[in-house]
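To start, the structure under review is shown below, and the notes come after it.
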Amino acid sequence: MQNEIDIIHLHGFIGALSPSILLAIKNTKKTKHFYVVQTMHEFHLVCPNSILFDYSTRKICEACLSHKVKYPIFIKRCDRRGRIFTLIKGVRSLIANNIIGHATLVDKIITPSNFVKEKLIQGKIIEGKIITISNPIVLREYDADEEKENIICFFGRFSKEKNLVFLIECFNSWKQKSKNDFKLLLIGSGDYEDEMRLAALRSKYKSDIIFKPFIPHKLLYTEIKKIKYYAMTSNCFENAPMGILESLAFNAVSIVPDIGGMKEMIEDIIKVGGIYKAQDMESWCDTMDSLERNYEKLLAQLKENKNNLISRYSEETYLKNVNKLYREIKQ
């Protein structure tokens, strides 16, 4: 017996599949009754390049945000691979949004942060279609009470928008000013790695800058359970960065710029951490000084807040919220 579909839930299909999946759904809707839900893990409904970032200038870009037809992308080089791939993304956006009608096709949009919701509204997506359901915070199975070492860490993809040369430069400046014994641990790989390694080699403190490749999660957790701070220096907005949550699991305090989902996660969810003025080295150094002066107090507050977050942002709570949305959409 064939089961009838009542809900299709889309996730991050845009990078792996063409808009043909949307056309198939649209055509099927002509003869079948069902609802479409999409979780937006980035901004592709309002930005053809998906992340509101221009790789050619290495700056945040909102040129297409308010336009129904995202024509500015056709005169830019937003994609990290150059103009041809930028044009392809522009054509894909034109087909998906203006010919197939992506936003009209979707009945409800889930955003993992209020920041993403606000950007979609700025991009003329109907506010009533959007609901924020935060990603689950998985904090089980970890022995987080490891003795901490003086380590600032970033783990993740080494790409231009992560702005990690700036992190290395901030670390150099802070070491110079405060004469501390901290180390900077960089775990990952990517097309920005050569530039990062060159910046580290030029550093007076190159012996304190450690690179490690991507490693399996269990080994990664062995590394990060001893760090004091998790650092993000992205010059794109980000969304709801999982690195901050994974660091929280191991009682690491995060330091992030005052933009996008990074700021929201520290201010509104975790409520402990350092927020500095984006692209401002002096602000980064001052924020690190403040974190160090107040570290014991911050660590105690972080542990207390983490315990409160376990039930509030558990996998079970997340699934309940999604199921509640499914029930409501069918009423």
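From a predicted model like this one, the values you see are computed outputs, not experimental measurements.
In terms of hydrophobic clustering, with Ile, Leu, Val, Met, Phe, Trp and Tyr side chains grouped at heavy-atom distances under 4.5 Å, Met281 and Ile275 are assigned to a common cluster. Residues Ile99 and Val91 share a hydrophobic cluster, clusters being chains of Ile/Leu/Val/Met/Phe/Trp/Tyr side chains in contact below 4.5 Å. Residues Leu45 and Val37 fall into different hydrophobic clusters, defined by Ile, Leu, Val, Met, Phe, Trp and Tyr side chains chained together at heavy-atom separations under 4.5 Å. Following chains of ILVMFWY side-chain contacts shorter than 4.5 Å, one can reach Leu105 starting from Phe43, so the two form part of one hydrophobic cluster.
A donor-acceptor pair under 3.5 Å links the side-chain atoms of Lys148 to the main chain of Lys225, judged by distance alone. Side-chain N or O atoms of Lys160 include none that pairs as donor or acceptor with a backbone N or O of Tyr55 at under 3.5 Å. No donor-acceptor pair closer than 3.5 Å links the side chain of Asn294 to the backbone N or O of Lys297. Checked by atom type and distance alone, the side chain of Lys29 never pairs as donor or acceptor with a backbone atom of Ala24 at under 3.5 Å.
For the residue pair Lys59 / Asn235, no side-chain donor-acceptor distance below 3.5 Å is found, with atom types taken as modelled. In the model, Gln176 has a side-chain atom that pairs as donor or acceptor with a side-chain atom of Tyr205 under 3.5 Å. No side-chain donor from either of Ser254 and Ser247 sits under 3.5 Å from a side-chain acceptor of the other. Neither side chain, Ser234 nor Asn163, offers a donor N or O lying under 3.5 Å from an acceptor on the other. Using a 3.5 Å distance cut-off with no hydrogens or angles, the side chains of Asn305 and Gln301 do pair a donor with an acceptor. Between the side chains of Ser290 and Thr287, no donor N or O sits under 3.5 Å from an acceptor N or O. A side-chain donor-acceptor contact under 3.5 Å links His102 and Gln38.
By the 6.0 Å contact criterion, CD1 on Ile5 is open, its count of non-hydrogen atoms from other residues, nucleotides or ligands being 12 or less.
Taking the charged nitrogens against the carboxylate oxygens, Lys320 and Glu316 do have a contact shorter than 4.0 Å, which makes a salt bridge. A salt bridge links Lys183 to Asp208: one of the charged nitrogens lies within less than 4.0 Å of a carboxylate oxygen. The existence of a salt bridge linking Lys277 and Asp286 is excluded, since no basic side-chain nitrogen approaches an acidic carboxylate oxygen closer than 4.0 Å. A salt bridge links Lys89 with Asp79; the closest basic N to acidic carboxylate O contact falls under 4.0 Å. Contact check on Glu149 versus Lys228 returns no salt bridge, with no Lys/Arg side-chain nitrogen under 4.0 Å from an Asp/Glu carboxylate oxygen. Checked for salt-bridge contact, Arg77 and Asp54 miss the test: no charged N lies under 4.0 Å from a carboxylate O. Taking the charged nitrogens against the carboxylate oxygens, Lys119 and Glu62 do have a contact shorter than 4.0 Å, which makes a salt bridge.
Annotation: side chain of Asn172 is in contact with side chain of Ile209 (closest heavy-atom distance under 4.5 Å).
Taking CZ from Arg58 and OH from Tyr192, the interatomic distance works out to 4.5 Å, rounded to the nearest 0.5 Å. Residue Thr317 holds its OG1 atom at 6.5 Å from CG of Asn321, rounded to the nearest 0.5 Å.
Relative orientation of the Tyr230 and Phe155 rings is tilted, given thresholds of 30° and 60° on the angle between their planes.
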